[in-house]
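What you see below is based on every heavy atom in this structure, not just the backbone, and it leaves out hydrogens, waters and symmetry mates.
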Amino acid sequence: MKKNFIRIIALVLALTMLTVSFAGCGSTSSVNRPVAVESKTDLKDVSFVFTYGELKNILPGDKLATLYENFNKKTDDREVSLSYYELVSKYGSEEYFDDILALISDEEWAQFTGNQQEILDYFNSMINDIKANGIARVSYSEDFWINHGDGVVFKSEDGTELPDQDKFRAAFRLYADNSLKGIDSFLMNLSQEEATEFKADLTDVIYPLGEKTASTLTLADLYTDEATNTFPIYTSVVPTMVHDLTEDGSNLEDEDGEYIFVPSELYRTINMVVKPDEASVKKAFTIREKDGIMEQFKVAETYMILNSFEIAFTPCKITAGINAVTDEMVYTTYEKNMVITANITFTGALAEYGTVVVEFPCTSSLTYNFGWATTDAE
């Protein structure tokens, strides 16, 4: 079945022209009709178009109903546009996600990933401008957690995986939970009420701390895994659509009886994955666990003693939310994913377990929220 590949910006422009054509009819109606907005910067944002005929064989009825405004008028050739971001957010955890992706041709994927340098340049320019010039107020909140469960693996000092992993994991969870009780004292947190002022020096506020530049990432620093559809960097613009109105204020319909919508907001999301090597991570993140957060584990020495540890990275993620109409960054989240290999000695009631090596995944997530001056601000 033929699949189309369109750009969201084309839809926006078409709807803008439609709005202008209606507005130019010389009406004296008092109805406040919506005016379509458009992206300030064209990053060749794209959306995959699926037909009802394709999706009805994959999605359950309740999911299909959310995709079509006039669901009772469904026909096999009816189309719906979804960005990759929308696909992931709506269906990424569902069992039929891979079946949806299978509808997208290799040619479509190639077009989708063809603007990676432009996206990275756009992100770097934006975050670097904020950090260097303090053009936005900044608040931030950091979290740190250990991913319990099967990801925690215990080994003997010679590297042999130990039996009774569940028993060791239970003991480790008690240790880790106790260690993290005071972790807030090591984290970066600044509430929105206490945000930095405009033109503030953000050298020690925005990652990497102590640097004048926020990101020196290149495409060579980004990570991809085709087997899991992990793309190095991609962007999606999701519009907030509102009904266009007739002169009497009712919902405007086209000649087929379908409602006509106008984009009132455009929200861009940029997602990127950084390679799990220290040189690449340092180009956008601050690495400070050995000097700060990991020291917190010493408070739980009634359970275990931390003798030594090493940190290895797994793919780290950066997600940015942007007002696409104004090119103003709303937030950026830095998710630093790590696997820590620690040599520990059990103590107290757990002393019988002796000295072992434990590998456990953990994550440090830091979100910056940006506030912008209004047009009437001084």
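When all heavy atoms of V152 and P361 are compared, the pair lying nearest together is N-CD, 4.3 Å. Between C362 and I340 the shortest heavy-atom distance is SG-CD1, 3.6 Å. Heavy-atom minimum distance, M272 versus L222: SD-CD2, 4.4 Å. Between I287 and K336, the closest heavy-atom pair is CA-NZ, 4.1 Å. Of all heavy-atom pairs spanning L245 and R33, the tightest one is O-NE, 2.8 Å. The two residues V31 and E247 come nearest to each other via the heavy atoms CG2-O, 2.8 Å.
At least one side-chain heavy atom of F123 sits less than 4.5 Å from a side-chain heavy atom of I318. Residues M338 and S364 form a side-chain contact, since some pair of their non-hydrogen atoms from C-beta on lies under 4.5 Å apart. Between W372 and I130 the shortest side-chain heavy-atom distance falls below 4.5 Å. The shortest distance between side-chain heavy atoms of T341 and E359 falls below 4.5 Å. With contacts defined as side-chain heavy-atom distances shorter than 4.5 Å, the pair F50/L67 does not qualify. Between F346 and F168, some side-chain heavy-atom pair lies under the 4.5 Å cut-off. Using a 4.5 Å heavy-atom cutoff, the side chains of V237 and Y85 are not in contact. V238 places a side-chain heavy atom less than 4.5 Å from the side chain of S83.
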Checklist entry - Yes or no on side chain to side chain contact (heavy atoms under 4.5 Å, CB included) for L190 and V138, after CA distance, side-chain angles and deciding distance? => result CA-CA 8 Å; L190 182 67; V138 184; over 6 Å; no
Checklist entry - Given V153 and E161, is the side chain to side chain contact (heavy atoms under 4.5 Å, CB included) satisfied, shown in steps? => result CA-CA 7 Å; V153 178; E161 188 168 321; 3.9 Å; yes
Next on the checklist: Using side chain to side chain contact (heavy atoms under 4.5 Å, CB included), reason through Y52 and L59 one step at a time and then give a plain yes or no.
Outcome noted: CA-CA 10 Å; Y52 175 79; L59 294 177; over 6 Å; no
Checklist entry - Can D121 and Q117 be said to form a side chain to side chain contact (heavy atoms under 4.5 Å, CB included), step by step? => result CA-CA 6 Å; D121 290 345; Q117 186 65 60; 2.8 Å; yes
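The 12-atom threshold is exceeded at CZ of F154, counting heavy atoms of other residues, nucleotides or ligands nearer than 6.0 Å. Other residues, nucleotides and ligands contribute more than 12 heavy atoms inside 6.0 Å of the CD atom of E94. The number of heavy-atom neighbours closer than 6.0 Å to CG of D158, taken from other residues, nucleotides and ligands shown, is above 12. Dense packing is recorded around CG of D62, with more than 12 heavy atoms of other residues, nucleotides or ligands lying under 6.0 Å away.
Side-chain atoms of Y368 come within 3.5 Å of backbone N or O of Y207 as a donor-acceptor pair. Without hydrogens or angle criteria, Y334 side chain to T286 main chain gives no donor-acceptor distance under 3.5 Å. At least one donor-acceptor pair under 3.5 Å links the side chain of S264 to the backbone N or O of T240. Not one N or O on the side chain of T269 forms a donor-acceptor pair closer than 3.5 Å with the backbone of G321. A distance-only check finds no donor-acceptor pair linking the side chain of S365 to the backbone of D143 [under 3.5 Å]. Distance alone, capped at 3.5 Å, places no donor-acceptor pair between the S125 side chain and the Y122 backbone. The main-chain N or O of N271 is never found under 3.5 Å from a side-chain atom of K317 such that the two would form a donor-acceptor pair. In terms of modelled atom types and a separation under 3.5 Å, the side chain of D248 and the main chain of S250 share a donor-acceptor contact. A donor-acceptor pair is defined here as one N or O able to donate and one able to accept, closer than 3.5 Å; no such pair exists between the side chain of S39 and the backbone of D42. With K131 contributing its side chain and P208 its backbone, the two residues share a donor-acceptor pair below 3.5 Å.
A distance of 6.5 Å separates CD1 in I270 from CE in M126, rounded to the nearest 0.5 Å. Taking CG from D45 and OH from Y84, the interatomic distance works out to 15.5 Å, rounded to the nearest 0.5 Å. Between the OG1 atom in T326 and the CD atom in E265 there is a gap of 10.5 Å [rounded to 0.5 Å]. In this structure, CG in N189 is found 10.0 Å from OG1 in T367, a value given to the nearest 0.5 Å. For the atom pair NZ (K63) and OH (Y96), the distance works out to 4.0 Å, reported to the nearest 0.5 Å. Separation of atoms OG (S139) and CZ (F370) is listed at 8.5 Å; rounding is to 0.5 Å.
Hydrophobic clustering of Ile, Leu, Val, Met, Phe, Trp and Tyr side chains at less than 4.5 Å, counting indirect connections, keeps F309 apart from V357. Cluster membership for V339 and W145, using ILVMFWY side-chain heavy atoms within less than 4.5 angstrom, is not shared. Hydrophobic clustering (side-chain heavy atoms under 4.5 Å, transitive across Ile, Leu, Val, Met, Phe, Trp, Tyr) groups L162 together with F172. Following chains of ILVMFWY side-chain contacts shorter than 4.5 Å, one can reach I311 starting from F285, so the two form part of one hydrophobic cluster. Under a hydrophobic-cluster definition in which Ile, Leu, Val, Met, Phe, Trp and Tyr are linked whenever side-chain heavy atoms come within less than 4.5 Å, directly or via other members, L64 and L87 are assigned to the same cluster.
Between D221 and K283 there is a salt bridge, since at least one side-chain N of the basic residue sits less than 4.0 Å from a carboxylate O of the acidic one. Between D150 and R169, at least one side-chain nitrogen of the basic residue sits less than 4.0 Å from a carboxylate oxygen of the acidic one, meeting the salt-bridge criterion.
Residues forming a salt bridge (Lys or Arg N to Asp or Glu O under 4.0 Å) with K56 (at least two apart in sequence, or on another chain): D76. Checked against side chain to side chain contact (heavy atoms under 4.5 Å, CB included), N307 has the following partners two or more places apart in sequence or in another chain: I305, N343, T345, T355. For E197, the salt bridge (Lys or Arg N to Asp or Glu O under 4.0 Å) partners are R137, not counting sequence neighbours. Looking at residues two or more places apart in sequence or on another chain, you find no side chain to side chain contact (heavy atoms under 4.5 Å, CB included) involving E352.
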Report, one line per pair, each donor and acceptor closer than 3.5 Å where one atom sits in a side chain of residues 210-217; sequence neighbours left out.
{"from": "K212", "atom 1": "NZ", "to": "T203", "atom 2": "OG1", "distance (Å)": "3.2"}
{"from": "S215", "atom 1": "OG", "to": "N124", "atom 2": "OD1", "distance (Å)": "2.6"}
{"from": "S215", "atom 1": "OG", "to": "L217", "atom 2": "N", "distance (Å)": "3.3"}

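Tested against R268 for a side-chain contact (heavy atoms from CB on, under 4.5 Å), the candidates N323, L43, I119 yield a single pass: L43.
N337 and T363 are linked by a side-chain donor-acceptor pair at a separation below 3.5 angstrom, with hydrogens and angles left out of the test.
Residues V330, Y331 make up the rest of the hydrophobic cluster containing Y267, defined by ILVMFWY side-chain heavy atoms closer than 4.5 Å, directly or through other members.
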